[in-house]
Every structure is written in C-alpha cells, then in structure tokens.
Amino acid sequence: MPADLAVIGLGHLGIPLVQAATAAGVRTLGYDPDPRAAADLRAGRLPSGALDGALTAADLRRMAAGGFRTTTDPTELGRVHTAVICAPTPLGEDGTVALAAVGEAARALAAHLRPHTTVVLESAVYPGTTEEFLRPILEDGSGLRAGRDFHLAYSPGRLDPGNRTYGYAGTPKVIGGLTPACTEAAAAFYGRLTEKVVRARGPREAETVKVLETNYRHVNIALVNEMAVFCRDLGVDLWDVIRCAETKPFGFQAFRPGPGVGGHGVPMAHAPSGSAAPSRADRPGRPARPGRPLAMVELAQQVNGRMPGYVTRRCAALLNEHGKSARGARVLLLGVSYKPDVGDQEGAPAGEIASRLMDLGAQVSFHDPFVARWRVLGRPVPRADALYEAVAEADLTVLLQHHRTYDLQGLAVKAQLLLDTRGASPAGTAHRL
C-alpha cells in the first residue's frame with residue numbers, strides 16, 4: 001500500500017519520527033540508501049547503536065505492525081504525501097556542519113517529487129539552509145517550484161533519547177514554512193503526531209531556534225564546568241552549591257558539570273564561509289552579509305573542550321595521592337555514551353579521556369550496559385563483563401555517565417578509588433569532579 005509519510009534517513013532523528021508516526025496511525029516508508037540499514041530494521045534490529053536503550057526490538061515490531069516498511073528504492077518516494085529529511089549533519093574537518101547527506105537525500109527525493117507534496121527538513125543546519133541549499137536542489141531536480149507546486153518547511157529536531165518525561169507527542173513542534181501555506185501544510189502533518197505545534201515566522205527563524213537551543217545548552221554547561229574548577233580551587237562543594245541554588249523559583253535553571261559535552265546537537269558560533277547557507281538580513285531581498293561570530297559560544301566550546309584534559313589530570317593526581325603512578329595503572333571507565341541510558345556515543349568525551357589516559361601509560365578498560373564494543377585510537381578497548389569484580393580490581397574507577405543500572409553506593413564500596421564526574425554518588429563515597 002502507498003505510504004502517507006516518507007522518512008529519509010533512519011538514524012537518531014528518523015527512527016523516533018517513524019515511531020511517533022506509526023503510533024498515530026500514519027503509514028510510513030523509511031528510505032535509506034544503505035541496504036544494511038533497511039535489512040537491519042526488517043530483521044528487528046536498530047541500524048546503529050545510536051538509539052540503544054531508547055528503543056527496543058518490541059518497539060520495532062510495533063512500528064512494523066503499524067505500517068512501517070523500509071526501502072532502498074528512491075522511486076517509492078514519489079508516492080507519499082509528506083517527506084521528512086532526517087539526514088545526519090556531522091561536523092566536517094573544518095568544524096562546520098557537513099551537508100553532504102542532506103544533499104544526497106534531497107537529490108533522491110527531487111527526482112521523484114510530485115506536486116502538492118509537503119517536504120520538511122529536520123536535520124540540524126545553519127540558518128538559511130532550507131532556502132539557499134535544499135530548495136534549489138529540489139526545484140532543479142523536479143522542475144517544480146517550492147511554495148507554488150510543493151510545500152517546503154523546516155522543523156528542528158527536539159528529541160531527548162531516553163527521556164521518560166518528554167516524549168515525541170508531549171514536546172511542542174516548531175515549524176517554519178517557505179510560505180504561510182507551506183507552514184500550514186507542515187502543521188497539519190505534525191498536528192497528527194504532537195499535542196502542540198508552534199508556528200515560526202519562516203524557515204530561517206525555525207532553523208535558528210535549533211541554533212539557540214543548542215547554544216543555550218553548551219553555554220550553560222560551560223558555565224557550570226568553569227564553576228567546577230573554580231570551586232575545587234576554593235575547596236567549595238559545588239554540588240551543594242547547585243543543590244541550594246536550584247531552590248530559587250525564578251531566574252535560575254540548574255545545569256551540572258561533567259567530563260565534556262557530547263550529542264548530535266553541535267554548537268554553532270558562526271555561519272559557514274561557503275555559499276551553502278549564507279547569512280542574510282531577516283527578510284528576502286536584502287543583501288547577504290558575513291555572519292558575526294558568537295564570542296560567548298566560541299568561548300563555551302573552548303571551556304567544554306578542556307574538560308576531558310581536566311578529568312585526565314584529576315585521574316593522575318588521585319592516583320599519585322594514593323601512591324600510584326598513572327603508568328601501568330588499571331583504570332576502568334563507567335559509561336562511555338554521551339548521555340545516560342542510551343548507547344549513543346556521538347561526541348562523547350569518553351574517547352578523548354581514554355586516549356589521554358593511554359598516552360600516560362594507563363591500562364584502560366570500560367563498562368557500559370548499552371555499548372558492547374568500543375574502539376579508541378583504532379584499537380579495541382577491553383570490556384569488563386563482571387562489573388563488581390572489575391571495579392574491585394581497578395586502581396581507579398571513573399564514572400563518566402550515570403546509567404540507571406549503576407548502583408553507585410555498592411560500586412563505591414568495591415572501588416579502590418572512585419572519581420565521580422557526574423556528582424551522582426552519595427556524599428562522601430567518592431571523589432567528585
């Protein structure tokens with residue numbers, strides 16, 4: 001049967017959209033040019049570890065029962081009413097967002113795009129990408145005109161994998177269309193999946209919502225990471241400071257320090273220098289101008305980027321204080337994903353911390369209930385299967401991610417030395433960041 005929706009890109013954005021759509025009774029086609037991804041999903045397996053812990057095999061079976069099927073045939077994209085591009089946009093070597101996968105997805109769709117289709121981009125991109133990068137590809141490849149022959153809009157992804165409070169339906173969806181009709185077409189679709197739709201002025205405003213939300217997170221994490229170092233120098237218990245400060249009912253939101261910042265949402269401090277998404281005035285028709293760097297975001301990136309090195313130095317200092325050298329020390333890392341209760345390692349600081357410890361001569365192993373295999377510097381890192389025995393044998397155990405399955409009080413009893421970078425262990429049972 002023809003599908004109502006095509007989700008192009010079956011990763012950390014696409015699969016949750018499929019789950020929400022099938023739960024709402026929307027027949028959904030998942031397109032991915034990689035035949036392994038389609039085969040894995042047909043077999044009831046996630047195509048990558050990105051959503052381990054957030055989705056289960058039972059969830060995939062329910063999605064299939066709700067009308068979800070996968071394909072590698074782009075001709076099927078011409079049979080849907082709505083197409084949502086969820087292609088990955090990783091950082092390139094120059095530190096800017098790479099749009100290659102979005103371009104490939106757009107070209108596959110454009111060749112089969114029909115009039116009256118609603119096309120939405122959800123990938124994290126620079127402001128201007130929908131109009132200046134995606135629109136020309138769709139129009140040139142289809143011979144159709146956006147805003148006249150088909151609807152075009154942007155809607156930022158707002159997923160929080162593993163969050164048990166705010167799921168897809170309960171998280172408001174921001175939408176910015178090329179025209180008012182484009183906005184309403186996209187709103188009509190997302191209104192089937194979410195309880196609230198928020199209309200932005202246009203695609204650029206919707207794209208910039210994602211930039212603001214991501215930068216807000218990174219800047220505030222940077223502030224509290226700076227406070228962690230500041231408080232340690234003063235001999236002040238930062239965790240007690242945060243506990244007290246978050247009782248203020250206005251003007252304060254608690255963030256907590258950690259070993260670094262990971263995830264798919266990367267901070268954007270400036271517009272790209274190329275022509276993919278030039279910075280312009282807020283309305284079409286005005287001349288383009290170079291993007292002004294966001295100094296605070298650049299500084300936040302520097303602060304957060306220093307945290308893996310700081311954690312490594314804390315590890316070496318703790319070992320030294322207890323008469324041990326980092327060289328030859330057995331160091332066990334607990335939790336190597338970028339957030340609790342999922343296996344996604346995108347941007348996780350664990351890799352840099354492990355490599356720095358290895359450079360000091362430490363024997364590094366890891367445990368993570370959501371990560372079966374882990375490689376650092378191209379080499380496999382030994383995985384501890386018997387957690388408590390591994391903790392007891394390690395000269396130093398470092399909690400990098402607080403998964404719910406970790407009994408920190410019990411682990412603290414077993415550990416020779418425990419460094420808690422998340423402030424999750426009971427007071428007095430571990431050394432804190």
Side-chain angles (χ1 to χ4, degrees), residues 10-20 23 40 44-63 157-171 213-214 217-218 221 224 239 242 254-265 307 311 332-351 353-354 365-374 381 383-388 390-391 397-412 418-426 429-430 432-433:
L10 301 176
H12 75 283
L13 283 177
I15 292 297
L17 173 57
V18 171
Q19 185 183 29
D40 282 343
R45 299 187 301 268
L46 289 170
S48 72
L51 292 166
D52 287 351
L55 288 177
T56 65
D59 291 325
L60 294 179
R61 288 193 295 270
R62 281 191 288 269
M63 289 155 60
R158 277 181 159 178
L159 299 173
D160 188 14
N163 192 318
R164 299 184 180 184
T165 303
Y166 295 105
Y168 204 103
T171 303
E213 291 175 350
T214 302
R217 172 176 175 253
H218 281 260
I221 292 175
V224 79
W239 307 96
I242 295 173
F255 283 77
R256 286 167 172 78
V261 184
H264 297 269
M307 292 308 291
V311 170
L332 173 66
L333 304 180
L334 302 184
V336 297
S337 59
Y338 88 88
K339 67 171 299 183
D341 304 315
V342 298
D344 196 338
Q345 299 168 58
E346 181 69 26
I353 292 169
S365 59
F366 84 101
H367 178 275
D368 193 306
F370 302 100
V371 178
R373 291 174 296 277
W374 189 41
V381 180
R383 186 181 191 276
D385 294 319
L387 176 58
Y388 286 91
V391 169
T397 300
V398 186
L399 178 72
L400 296 179
Q401 199 54 263
H402 182 208
H403 297 307
R404 286 190 182 94
T405 56
Y406 288 151
D407 171 16
L408 294 182
Q409 187 161 3
L411 292 173
L418 176 61
L419 174 60
D420 177 3
T421 70
R422 296 292 178 177
S425 55
T429 62
R432 291 183 171 182
L433 191 63

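The chain is numbered in sequence order, starting from 1. Predicted model, so just to flag it, every value in this text is computed and none were measured. No hydrogens, no waters, no symmetry mates; every other heavy atom, side chains included, goes into these values.
The closest donor-acceptor contact from the side chain of His403 to the backbone of Asp341 lies under 3.5 Å. Listed for the Arg432 side chain is no donor-acceptor partner under 3.5 Å among the backbone atoms of Thr421. Not a single donor-acceptor pair under 3.5 Å links the side chain of Thr429 to the backbone N or O of Gln409. For the pair Asp420 (side chain) and Ser425 (backbone), a donor-acceptor distance under 3.5 Å is present. With hydrogens and angles disregarded, a donor-acceptor distance shorter than 3.5 Å links the side chain of Gln401 to the backbone of Tyr338.
With contacts defined as side-chain heavy-atom distances shorter than 4.5 Å, the pair Ile242/Val224 qualifies. The shortest side-chain heavy-atom distance between Leu334 and Leu411 falls under the 4.5 Å cut-off. The shortest distance between side-chain heavy atoms of Leu387 and Pro369 does not fall below 4.5 Å. With contacts defined as side-chain heavy-atom distances shorter than 4.5 Å, the pair Arg158/Glu213 qualifies. Between Phe370 and Asp344 there is no side-chain heavy-atom pair separated by less than 4.5 Å.
Aromatic ring orientation, Tyr406 versus His367: tilted (interplanar angle from 30° to 60°).
Residue Gly157 comes nearest to Leu13 through the heavy atom pair CA-CD2, 4.0 Å, listed as atom of the first residue, atom of the second, then distance. For Ala348 against Ser337, the heavy-atom pair with the smallest separation is CB-C, 3.8 Å. In plain terms, the two heavy atoms of Met307 and Leu433 that are nearest each other are CE-CD2, 3.8 Å. Closest approach of Phe366 to Val381, counting heavy atoms only: CE2-O, 3.4 Å.
Using a cutoff of 4.0 Å between basic side-chain nitrogens and carboxylate oxygens, Arg383 and Asp385 are scored as salt-bridged.
At most 12 non-hydrogen atoms from other residues, nucleotides or ligands lie less than 6.0 angstrom from OH of Tyr166.
Of the residues listed (Leu333, Leu419, Leu408), the one engaging Leu399 in a side-chain contact (heavy atoms from CB on, under 4.5 Å) is Leu408, and it is the only one.
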